[in-house]
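Single-structure report; data block below.
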Amino acid sequence: MADSRGAEDVYWVEPRRRAILPLDGFHLSRSLRKVIAGDRFRVTADRAFAEIIALCAESAEDRPDTWINASIEQAFVRLHGLGLAHSIECWDGDTLVGGLYGLALGRAFFGESMVSRAPNASKVAIAALVARLRVGGYTLLDCQFMTDHLASLGAIEVARADYMTLLGAALSSTASSAGVASSSAGGVGEASGAGDFGALDGLAAGVAGAVPGKVIVQLLVQTS
């Protein structure tokens, strides 16, 4: 993280209690379900990575400054080029109104930042991410720090030791199915090997690469 958008230095932060969102524990409220199923937003993945991170770094009324400085932004754009960093985008017509980005390693996805410029846009982005990770065989969604917003969607806090166990299993290509199940972050993809962030695109991509809302809802209510 950086102290501000204009800061030159970055520093590492390790929460004593980590926020994670179990992929089989996403809380899909009735109102959010209606927004997603009604295709209020066009949802895509990796179609506007640089734009998403730039939007996350912008100041807003409720957040006059940001921890995303130029070096972090440049590093993640490079990571995206290497296929390691990914984004979810929410569009209102041709206008980018929300989304998120993060880093994918093994079967873990580390959410870095999310943004919303329209009501429910960030919630839809997280829902779409969870659906995508489930299909892609991921087992861990690391949210880093707990917020009321994340808690309302099903995120929980775990102690560092428990987090390290989950992380080790997610990064190991030889983790057993039993080990994956015990993580309480089960998915519907393969139990071992690296996750496939693009697996959903091969199954349900619609017009212009968008994933239909009804598909996202179906994946979220599907039991592991």
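For the single chain, residues carry numbers from 1 onward in sequence order.
- Sequence neighbours left out, the pairs with a member in residues 102-130 that pass ring-ring contact (aromatic ring centres under 6.0 Å, His included) are F109-F197.
- In this structure a side-chain-to-backbone donor-acceptor pair under 3.5 Å is missing from H80 to H86.
- The backbone N or O of R16 lies less than 3.5 Å from no partner atom in the side chain of R160, so there is not a single donor-acceptor pair.
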> When you look at E73 and R78, which way does the salt bridge (Lys or Arg N to Asp or Glu O under 4.0 Å) test go after all the steps?
Replying inline: CA-CA 9 Å; E73 184 174 3; R78 290 196 296 270; over 6 Å; no
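- Proximity of I68 to S113: side-chain heavy atoms (C-beta onward) are separated by under 4.5 Å at one or more points.
- Inter-residue side-chain proximity for I20 and L141 is flagged as unmet; no heavy-atom pair is nearer than 4.5 Å.
- A donor-acceptor pair under 3.5 Å links the side-chain atoms of S29 to the main chain of L32, judged by distance alone.
- Side-chain atoms of R33 never come within 3.5 Å of backbone atoms of V217 as a donor-acceptor pair (strictly under, hydrogens ignored).
- Applying the ring-ring contact (aromatic ring centres under 6.0 Å, His included) test to residues at least two apart or on different chains, none of the pairs has a partner in residues 25-44.
- A salt bridge does not link K214 with D39: every distance from a Lys NZ or Arg NE/NH1/NH2 to an Asp or Glu carboxylate oxygen is 4.0 Å or more.
- Screening residues 83-106 for salt bridge (charged side-chain N to carboxylate O under 4.0 Å, His left out) gives R40-D92 as the qualifying pairs, with residues at least two apart or on separate chains.
- R134 places a side-chain N or O within donor-acceptor distance of the main-chain N or O of Q222, the cut-off being under 3.5 Å.
- Side-chain contact annotation: D196 with Y138, donor-acceptor N/O pair under 3.5 Å absent.
- Side chain of R107 to main chain of A169: a donor-acceptor pair is present (N/O by atom type, distance under 3.5 Å, no hydrogens or angles).
- For Q218, the CD atom counts as loosely surrounded, since its 6.0 Å shell holds 12 or fewer non-hydrogen atoms of other residues, nucleotides or ligands.
- Between the side chain of S116 and the main chain of A118, a donor-acceptor pair closer than 3.5 Å is present.
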